[in-house]
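Single-structure report; data block below.
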Amino acid sequence: QQQVKQSPQSLIVQKGGISIINCAYENTAFDYFPWYQQFPGKGPALLIAIRPDVSEKKEGRFTISFNKSAKQFSLHIMDSQPGDSATYFCAASKAGNQFYFGTGTSLTVIP
Amino acid sequence: DGGITQSPKYLFRKEGQNVTLSCEQNLNHDAMYWYRQDPGQGLRLIYYSQIVNDFQKGDIAEGYSVSREKKESFPLTVTSAQKNPTAFYLCASSPGLAGVTTQYFGPGTRLLVL
């Protein structure tokens, strides 16, 4: 059973637009929710992360929105740029133990 | 220069052959992980280790083996029992301390079957 469900599978956004990727989880014991960015042939790199005691976290153009009651969290990329074109993964973990990853979203930002 | 290194970048396996993927970290992290990445399936956990000389199976451990003799090293062996080994393999580490849960990834090894 997929512990973390991610959508959409792929996303195409115009330069300057907002990219939104959504994730949902089942286990209410999860206490850490990171987002990773991966370029082709490279390992994922941590982009931004949130804990369930806050509803939003912003770092530059990247924002995580977290809805604890709905068990959902999303990544918003403001003013999307062609350099943001990559695959994005959401994840969840409990107390730093096993991490569960979404299936990834391939983002393409067109000029 | 701190980080996680994986070698080789590309690895070719012949039928019936065991191959070993290297993962080294100099971040002084306690926990290390191996993931397999296939197109459209995200990252699936093969094995993980929270401390030296101890490791646990992940979701897809069959056909794989690991060792953790040193804190900085966590090699993965893909055995001949793994019938579909072609994939991108990622090693990761984390501090392993309560409340510090960020996971860092290496650059990956792509395994291809001849």
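The chains referred to below are lettered A, B, ... by the order of the sequence lines, with proteins before strands, and numbering in each begins at 1.
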Do Ile48(A) and Val54(A) share a hydrophobic cluster (ILVMFWY, side-chain heavy atoms under 4.5 Å, transitive)? yes

In this structure, are over 12 heavy atoms from other groups packed under 6.0 Å from Glu59(A) atom CD? yes

Could you tell me if the side chain of Pro34(A) sits less than 4.5 Å from the side chain of Thr102(B), heavy atoms only? no

Side chain, backbone, both or neither: which part of Gln38(A) has a non-hydrogen atom closer than 4.5 Å to chain B? side chain

Is a donor on one side and an acceptor on the other found under 3.5 Å between the side chain of Tyr100(A) and the backbone of Arg44(B)? no

Residue Glu62(B) excluded, over 12 heavy atoms near CD under 6.0 Å: no

Do Phe99(A) and Tyr48(B) have their ring centres less than 6.0 Å from each other? no

Over all heavy atoms of both residues, which pair between Leu90(B) and Gly43(A) is shortest? Give the atoms and the distance, please. CD2-CA, 3.6 Å

Got more than 12 heavy atoms from elsewhere within 6.0 Å of CD1, Ile12(A)? no

So do the side chains of Leu43(B) and Tyr36(A) get within less than 4.5 Å of each other, counting heavy atoms only? no

Considering residues, nucleotides and ligands other than Lys71(B), do more than 12 of their heavy atoms fall under 6.0 Å from its NZ? yes

Heavy-atom distance under 4.5 Å to chain A: side chain of Gln37(B), backbone, both or neither? side chain

Taking it one step at a time, do Phe101(A) and Tyr35(B) satisfy ring-ring contact (aromatic ring centres under 6.0 Å, His included)? CA-CA 10 Å; Phe101(A) 287 83; Tyr35(B) 293 91; 5.2 Å; yes

Are Phe88(B) and Phe74(B) in one and the same hydrophobic cluster, where Ile, Leu, Val, Met, Phe, Trp and Tyr link if side-chain heavy atoms are under 4.5 Å apart? no

